[in-house]
Amino acid sequence: GAQGIGRAVVQSLMQSRAQVAVVDLNRSCGDQCKSELDSEFGADCSIFLQCDVTDADALTAAFQTTVDRFGHLDIVINNAGINEKNWEKTIQVNLTSVIKGTYLGLEHMSKEYGKGGGSIINVSSMAAFLHSPHQPVYTATKHGVIGFSRAMADASSLGGYGVRINVLCPAFVDTPLLLSVEHEDNMGKFVKFKDDFKKSMNHFGVLKPSLIADGMMMLITDDTIHGAVMKITCSKGIHFHTYEPMST
Ligand SMILES: NC(=O)C1=CN([C@@H]2O[C@H](COP(=O)(O)OP(=O)(O)OC[C@H]3O[C@@H](n4cnc5c(N)ncnc54)[C@H](O)[C@@H]3O)[C@@H](O)[C@H]2O)C=CC1
Ligand SMILES: CC/C=C\C[C@H](O)/C=C/C=C\C=C\C=C\C(=O)[C@@H](O)C/C=C\CCC(=O)O
């Protein structure tokens, strides 16, 4: 992502000397991001790939271009997310593309394909824990990201993929996405609930993208973390959801 949470994570990754492929639909944001990264870190450390993650062929090509450019893949962050009146599109971006991005990441990192292992982080939301009447389909996609990622983490363990898979659930974060609650194009008929949404935001507080990046870096650097659901809120900061053990 070339803005918002994705842009903050890219900054942290490059400050940690990672080479980064920024994949985003928005070319102007992407070009701006690339220009800033080149100025700060040099032109060889990142690429920007304009890509609609709902276009499976384009996303496949973006992964291949990244591997061709940098030689291999170690980290995948499936971050793109929208909240649109077109609820089918919301599902395509927020869930279907996360599934596709996870499978593509495994193709380039999993030991089942003879690769060296790696780390996948899928971005959900605290909307999966505190559902809101403002965005029911968005909420459904974020539940789906958690369920899919936890299942894939178990598959990775059972299959010896060597790929850690974790989920990050931010609460409200100060990014352009939050502004979408004002618009009927995004919220559809639920825009009439926008004042209630903003009351929630004021109650729970709004996080800085840099704190989400800190959480991402923790998931990336601590190789003991696998199958985890990280939550980041104003009240508790970076913490993890605990699930009742499955009864065998
Ligand atoms: N901002 C918030 O309050 C919260 C955001 N999140 C999640 O964090 C993730 C990032 O969101 P933000 O940074 O806040 O949003 P944002 O709108 O600032 O950034 C999202 C980026 O995704 C890109 N994008 C959208 N559709 C795309 C597509 N089809 N193909 C490729 N790129 C596409 C946009 O161009 C944009 O650069 C999303 O999954 C969102 O649901 C989760 C909880 C809270
Ligand atoms: C268009 C809006 C786009 C994104 C907004 C975001 O994805 C939606 C967030 C929805 C809910 C946020 C809830 C925040 C909750 C907190 O900050 C917690 O402190 C509340 C306390 C407990 C939650 C329950 C739990 O932790 O299990």
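Note that ligands are numbered from 1 as they come in the structure, with each ligand's atoms numbered from 1 the same way.
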Best match, [options]: closest heavy atom to [atom]:
atom	options	result
atom 43 (C) of ligand 1	C33, P170, G30, P209	P170
atom 5 (C) of ligand 1	I5, D52, T90, L168	I5
atom 25 (C) of ligand 1	L25, T54, I82	I82
atom 11 (O) of ligand 1	L207, V173, L177	L177
atom 27 (O) of ligand 2	H241, H239, K236, K231	K231

Closest approach of any protein heavy atom to [atom], naming residue and atom:
atom	result
atom 22 (O) of ligand 1	A80 CA, 3.9 Å
atom 4 (C) of ligand 1	A171 O, 4.0 Å
atom 9 (C) of ligand 1	N79 O, 3.0 Å
atom 14 (O) of ligand 1	T175 OG1, 2.5 Å
atom 7 (O) of ligand 2	Y138 OH, 2.5 Å
atom 18 (C) of ligand 2	T233 CG2, 3.8 Å
atom 13 (C) of ligand 2	M126 CB, 3.7 Å
atom 2 (C) of ligand 2	Q135 NE2, 3.2 Å
atom 41 (O) of ligand 1	Y138 OH, 2.6 Å

Are [X] and [Y] packed together at the side-chain level, in the sense that at least one heavy-atom pair is separated by less than 4.5 angstrom?
X	Y	answer
P170	I5	yes
K100	T60	yes
I232	L211	yes
M217	S12	yes
L219	M230	yes
F190	S132	no
L49	V22	no
M14	C45	yes

Shared hydrophobic cluster, I212 / L177 (ILVMFWY, side-chain heavy atoms < 4.5 Å): no

Cluster link V53 to V20, ILVMFWY, side chain under 4.5 Å: no

Could you tell me which atoms of ligand 1, counted from 1 in the order shown, lie closer than 4.0 angstrom to a heavy atom of [X]?
X	result
P176	18 (O)
F172	3 (O)
S124	7 (C), 42 (C)
V123	7 (C), 8 (O), 9 (C), 39 (O)
K142	38 (C), 39 (O), 40 (C), 41 (O)
G4	13 (O), 18 (O)
N26	35 (O)
L178	3 (O)

Between [X] and ligand 1, which part of the residue brings a heavy atom under 4.0 Å of the ligand: side chain, backbone, both or neither?
X	answer
A127	neither
V93	side chain
C51	backbone

For ligand 2, which atoms sit closer than 4.0 Å to a heavy atom of [X]?
X	result
A171	14 (C), 17 (O)
N83	1 (C)
S125	6 (C), 7 (O), 8 (C), 9 (C)
F197	2 (C)
V181	1 (C)
L177	1 (C), 3 (C), 4 (C)
S235	19 (O)

Within 45° cone and under 6.0 Å: R17 NZ/CZ vs F41 ring: no

Distance under 6.0 Å and angle within 45° of ring axis: K231 vs F240: no

Checking contacts here: is it the side chain or the backbone of [X] that comes within 4.0 Å of ligand 2, counting heavy atoms only? Could be both or neither.
X	value
K142	neither
S180	side chain
H134	neither

Determine, for [X] against [Y], whether the closest basic-nitrogen to carboxylate-oxygen distance falls under 4.0 angstrom.
X	Y	result
R150	D154	no
D38	K34	yes
K189	E184	no
E36	R7	yes

Sub-4.0 Å heavy-atom approach of C29 to ligand 1: no

C169 near ligand 1 by a heavy-atom separation under 4.0 Å: no

Test log, rule side-chain contact (heavy atoms from CB on, under 4.5 Å), inputs I82 and K89: CA-CA 8 Å; I82 62 173; K89 183 74 174 175; 3.6 Å; yes

For N94 against V98, the heavy-atom pair lying closest together: O-CG2, 3.2 Å

Steps toward side-chain contact (heavy atoms from CB on, under 4.5 Å) verdict (Q50, D24): CA-CA 5 Å; Q50 195 273 336; D24 202 301; over 6 Å; no

Ligand 1 to V53 polar contact by distance, N or O atoms, under 3.5 Å: yes

Ligand 1 to D24 polar contact by distance, N or O atoms, under 3.5 Å: yes

Members besides F197 in its Ile/Leu/Val/Met/Phe/Trp/Tyr cluster (side-chain heavy atoms under 4.5 Å): L130, F172, L178, V181, M187, V191, M201, F204, V206

Heavy atom of protein inside 4.0 Å of atom 20 (C) of ligand 2, strictly below: yes

Plane angle bin for F63 and H108 - parallel if under 30°, tilted between 30 and 60°, otherwise perpendicular: parallel

Parallel, tilted or perpendicular: rings of Y243 and H241 (30°, 60°): perpendicular

